[in-house]
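Take a look at the structure set out below.
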Amino acid sequence: MRLLIVSKLDRFARAVNTIVNYMEVGKTLGHEVSLFAEQSSEFPSVPHSLEAKKFDVAVFVIYESWDFPDMPYLAQLLDGIPRERRVIIDCSGRYNETIRVEHDFNHLEKMDGHQGWEWTEGFQAVADKILQPTLTPLRKDVRPFLFHAFDPMSVARDHRSPTEAARTWSAAFNGSKSYGVAYVGNNWQRWTQMRPFLEAIEPLKKDLGAICIAGWDWDKRPDWAIQLGVHGADVDPVLLQRMGVEVNKAIPFNEVIKFLGGARFTPIFHRPLFTHLGLVTNRTFETFCADTLPLLMLPESQVEAIYGSDASVLVPGDDIAGHITDMMCRPDVYWNAVLKTRAHLAQRHSYHQRFRELLAILDQ
Amino acid sequence: MKVLFVVEKRIDAGSIHAVTNYVRAGDALGHTFALYGREDRRFAQVRFSMELDKFDYVLFVAESRLQWMNSLRLAPILSNVPRYRRVILDADGMYNERISINGYDCNHLHDRERCAWLTTFDYLADKILQPTMKPHEPRVIPLLFYGYDPSAQMKPAATVPKRFDIVHVGHNWWRWRQVRDSLLPAIERIRSQLDDICFVGAWWDALPRWATALNLEVAFAVDNDHFQRLCIQVRPPVPYTEVIRTMSEGRVNIMTQRPLFRHLKLLTSKYFEIFCADTIPLVMLDPDHAESVYGPAGRRLALHDHIDDTLLEAVREPQKYRAIVEEVRGHLVEHHSYRRRVQELVAALEA
């Protein structure tokens, strides 16, 4: 099958890693996957094409309105591939009634100029099939499709046993790992989770080591957010400074796993809207490729549904500091969970698996 | 026929007034016109519709911004309406060679920009219309589009008191040089013989804040000192529903047009609104062009040579000019009514 992915790639955000993996896996499975765009020097290995009519299906991967191509490409695409051969993967729950969770939202006119109905009517007009990366879509006309996936080949260090993994991990305390905790992600709807997390681990700072956050807008609340009165990019520079948190610029998608491997612990947060909708992200799976102990800051029900029952010990619960202390004392227990979870992800959530699921949906 | 307009909804600019006229004139002729979108209280006279499948054609009114309609909004239209049922009215003459008027006004800053516009138009629609009698490009269909609505004509009895001798209604968008080089010197020579003068519209007081970032300072250039020296008042823009009434506050109204539009002889709503107002319209157009639109009498309302004398005469001898204006109005009713425009549009779409 020939699949044309329609989205805007950004080396530092959204689904770039997932899309690149689909292209590689698609090729190994005998399919052709290209990005609908002019060839870009920024992504030399990504096949690009504007010849929409040559493709069987257009797969729109949508976060923002600008993920739809501008004119004239939009007309070229929609005139070239009929609606029944188009599918939308709605990565941020736009295709829902308007939802507010804390400061998070799926529609906000003052941010992008669009009212909620424009998203739903726009999606309905473009595609026959609308998919969301959640196991539990709210709308009956949305199909669950997790989209993002785990790539076993990207696992940075393939430990033979939990004991070996724990030994290597412990030995790295004074050497190869620069950070006690590292987080990679842009500051969009994360602060309500990041703040209590940092406050919880503050007493452990001496034992943990340095803390690093990498991504956009962690140094200060951006001007546009202040002007619009939007709280989704809130941050407290005083708290970060007090804790000595190192704030780094965004990490390109192909360096994330290596970067996270430079830390002993890595939290996985989902923004409040995503938690509410059960939406997963690339980082949900990618973090398990890094040579680090993930801290699953997610609802237990979602952890079990995605990662399997072995991952539950990686959920710190209410006592984050106590949990991390125990992880440092008994790392083999937690590495056992990590290795079993990796096996679970490889079996249930690999890109090969995901690609076949997508093909099955397209064939229906 | 059923035609759905896709227009940037601007309360004080663009083609929204024409849309309201198409709705009204279309109803009388058994055609249905509507504007794509949901009901909007700011545009009470407009019929809105989102039912793309109920219309025979979608007509995009393209003005000066290429991406004015972003892709999320455009996608439902393109998904539901095939290209052969999509039409563009190229109101600003973008579907042309790159044209620069004396290194000042232009349709495209560079070839890359022109290419983006032309490619977009080619993919967007089967037919491209321009509101001119003589398009430059063979692919373009001439369709004047804008028209005259005699029922909108202000009756002298209903008119608000004349507050100004001269009124100019229109935004300062590529108009400054004509105003500075031709109009203001003429006014200066007779200023002591005139009462109040007012420019109504955006950007006659200052550049918009975003102009510099877009490298468009020259399009909005203005000299406040010059205006103050001539005691010319500046008032903010008025909604399209107030344009004719506002014009009627002046004994004389002057219509200017950006150089590119004059070069391409593009018509706008203002060409006809000014004749609905209870005023003496003087149009800063080439006399031949004025005659081609307004008829033989239109030539005498072209403010071309001896601008100061003409202005003064129009203010001092209104009766003489009212006869000319009435003659032009007769021509407009016969040749440029919205009833006629609707028929022309239907014919162009059916061709």
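Labels below follow one simple rule: chain letters A, B, ... track the order of the sequence lines, proteins then strands, and each chain is numbered from 1.
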(request) Kindly compute the distance separating CG (B:Leu124) from CD (A:Gln76), expressed to the nearest 0.5 Å. (result) 12.5 Å
(request) Can you measure from OG1 (B:Thr120) to CG (A:Leu74) and round to the nearest 0.5 angstrom? (result) 10.0 Å
(request) Could you tell me which portion of A:Pro69 (side chain, backbone, both or neither) has an atom closer than 4.5 angstrom to a non-hydrogen atom of chain B? (result) backbone
(request) Under 4.5 Å heavy-atom distance to chain B, tell me which part of A:Asp79 shows up: side chain, backbone, both or neither. (result) side chain
(request) Step through the shown structure and confirm whether more than 12 heavy atoms of other residues, nucleotides or ligands are within 6.0 Å of CD on B:Glu217. (result) yes
(message) Could you check whether B:Ser79 and A:Arg86, counting side-chain N and O atoms only, form a donor-acceptor pair closer than 3.5 Å?
(response) yes
(message) Among B:Asn80, B:Leu74, B:Asp122, B:Leu52, which residue has the highest count of heavy-atom pairs closer than 4.5 Å to chain A?
(response) B:Leu74
(message) Minimum heavy-atom separation for A:Ala75 and B:Tyr123, please, with both atom names.
(response) CB-O, 3.6 Å
(request) Can you establish whether the number of heavy atoms outside A:Trp66 located under 6.0 Å from its atom CH2 is more than 12? (result) no
(message) Looking at every non-hydrogen atom in both residues, tell me the closest pair between B:Arg73 and A:Gly113 and how far apart they are.
(response) NH2-O, 2.6 Å
(message) Check A:Glu121 with B:Arg38, please: is the shortest side-chain N to carboxylate O separation under 4.0 Å?
(response) yes
(message) Let me confirm one number: the CG-CD distance from B:Asn70 to A:Glu64, rounded to the nearest 0.5 Å.
(response) 11.5 Å
(request) Can you measure from CZ (B:Phe121) to CE (A:Met71) and round to the nearest 0.5 angstrom? (result) 9.5 Å
(message) For B:Pro76 versus A:Ala125, what's the shortest heavy-atom pair and its separation?
(response) CA-CB, 3.4 Å
(message) Let me confirm one number: the CZ-CG distance from A:Phe68 to B:Leu78, rounded to the nearest 0.5 Å.
(response) 11.0 Å
(request) Locate the shortest heavy-atom distance separating B:Leu72 from A:Ser65; write the atom from each residue and the value. (result) CB-CB, 4.1 Å
